[in-house]
There are 2 protein chains.
Amino acid sequence: MKTSEAIELLKKKGYKTTGKRKDILTYFENEDGYRTAKDLILHLEETYEGISFDTIYRNLHLYHDVGILEVTELNGEKHFRMNCTHHHHHHFICKECGKTKEIEVCPMEEVRKSLSNYEIEDHKFEIYGLCPGCQTV
Amino acid sequence: MKTSEAIELLKKKGYKTTGKRKDILTYFENEDGYRTAKDLILHLEETYEGISFDTIYRNLHLYHDVGILEVTELNGEKHFRMNCTHHHHHHFICKECGKTKEIEVCPMEEVRKSLSNYEIEDHKFEIYGLCPGCQTV
DNA sequence: CCCTAAAACCGTAATCATTCCTATTTACAA
DNA sequence: TTGTAAATAGGAATGATTACGGTTTTAGGG
């Protein structure tokens, strides 16, 4: 998702536009990978001295709720990235830099068959390791 | 994995056997699903008044390190279950009771092909929802 | 352009899971 | 039985996240 697209979505839902909100979106658009609240606050502090945890987490949750951000939990810390809206897919996630690569494979079709009595709400398929750039051969 | 099997494994690796350690294993063997440190400490406090967090976490980590327990992170909390040693598979996890159901499908074979330059260390494939027993129709 | 209510925000305290630290106790091999 | 390294208790420390009262900013109608 693009920043402009996200801002439109927020407006349509009646949320107010602020400088911080725009900057958070721009940050994630540029980062292209999973980032933590800590990463984000460090970035925003350059521009907004004294920015509050509350602002960071409130907006991360808001963005996640409206579908702008995806979230995953690694090492006891939540990681966020821009939502990929084009089609359903999963990710390889680099343990070092947090960058992701799309994985087209999704076996849910097959899985559903073997879970006929179960109410499936969600699923997670993630591959972890080192991306080419982070391998210290 | 069975409790007896796990105790053998620990002995072989030179770890001491204590009542608490045995009880932790028995607990997980009986529970058959993902459980948190909190769940475990509540159970052990019935028998061992004043048991320490340290003991709980130290043993959970030990068991995970030697392969007795599997771990996954849900809602900011680590969840543990007995390791399934018989063959590679994944789990449906009930959001309500933590019980699991084995899923045979694993698409990693296919995935590896599309990640030739990547160093794959691990992967997670989990399905979340409500098991038949927890659905409030 | 101005005003007002609602939304955002700050500063900080509280919470929750987890880890760390030191003194004491225990398992078990010799 | 005993020596010693491992295990434990009790509690403090840490780190991420949430909560909250008071203040500022935004959106939008007049």
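Because the structure is a prediction, the values reported are computed rather than measured.
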Q. Can any side-chain N or O of A:Glu73 pair as donor or acceptor with the backbone N or O of B:Glu73 at less than 3.5 Å?
A. no

Q) What's the CG-C1' distance between B:Asp54 and D:dA6, to the nearest Å? A) 13 Å

Q: Take atom CZ of B:Phe53 and atom P of D:dG10, then tell me their distance rounded to the nearest Å.
A: 12 Å

Q | Atom pair distance, as rounded to whole Å: CG in B:Leu60 and C1' in C:dT18 | A | 11 Å

Q. When you measure from the side chain of B:Glu70 to the backbone N and O of B:Cys84, does any donor-acceptor pair fall under 3.5 Å?
A. yes

Q: Remember a base hit wins even if backbone is also touched, and classify B:Thr36 as base, sugar-phosphate or nothing at under 4.0 Å, heavy atoms.
A: nothing

Q. What's the closest nucleotide to the A:Lys78 side chain, out of C:dA8, D:dT18, D:dA7?
A. D:dT18

Q | Out of C:dA8, C:dC10, C:dT19, whichever nucleotide has its closest atom nearest the side chain of A:Ile51 | A | C:dC10

**Q.** Nearest-nucleotide 5' precedence on DNA chain C, B:Gly19 against B:Gly76
**A.** B:Gly76

(Q) So B:Arg21, base contact, sugar-phosphate only, or nothing? Heavy-atom distance under 4.0 Å. (A) sugar-phosphate

Q: State whether B:Thr18 places a side-chain N or O below 4.0 Å from either non-bridging phosphate oxygen (OP1 or OP2) of D:dT8.
A: yes

Q) When you check the side-chain N and O atoms of B:Lys11 and B:Thr17, is any donor under 3.5 Å from an acceptor? A) no

Q) Distance check: side-chain N/O of B:Tyr57 vs OP1/OP2 of C:dT18, anything under 4.0 Å? A) yes

Q: Can you tell me the distance, in whole Å, between the NZ atom of A:Lys12 and the P atom of D:dA27?
A: 18 Å

**Q.** From C:dC28, C:dG11, C:dA17, nucleotide with atom closest to A:Ser52 side chain
**A.** C:dG11

Q: Nearest whole angstrom, please: distance from the P of C:dT12 to the CD1 of A:Ile41.
A: 13 Å

**Q.** Flag, side chain of B:Tyr15 to backbone of B:Leu9, donor-acceptor distance under 3.5 Å
**A.** no

**Q.** Sidechain-backbone polar pair: A:Gln135 side chain, B:Asn117 backbone, donor-acceptor under 3.5 Å
**A.** yes

Q) In whole angstroms, how far is the C1' atom of C:dT18 from the CG atom of B:Asn75? A) 16 Å

Q: Return no unless some side-chain N or O of A:Lys16 is found under 4.0 Å from OP1 or OP2 of D:dT25.
A: no

Q. Which nucleotide, D:dT26, C:dC28, C:dT18, lies nearest any side-chain atom of B:Ala37?
A. C:dT18

Q: Consider the side chain of A:Thr55, meaning its heavy atoms from C-beta on, and name the nucleotide among C:dC10, D:dA16, D:dT8 that approaches it most closely.
A: C:dC10

Q: Look at the side chain of B:Lys20 against the base of D:dA7 and say whether a donor-acceptor pair falls under 3.5 Å; ignore hydrogens and angles.
A: no

Q: Rounded to the nearest angstrom, tell me the gap between atom NZ in B:Lys13 and atom P in D:dA6.
A: 16 Å

Q.
Can a side-chain donor-acceptor contact be found between B:Thr36 and B:Asp39 if the only test is distance below 3.5 angstrom?
A. yes

Q: May I have the distance from B:Tyr15 (atom OH) to C:dC28 (atom P), rounded to whole angstrom?
A: 14 Å

Q) Looking at C:dC9, C:dA17, D:dT18, which one has an atom nearest to any side-chain atom of A:His61? A) D:dT18

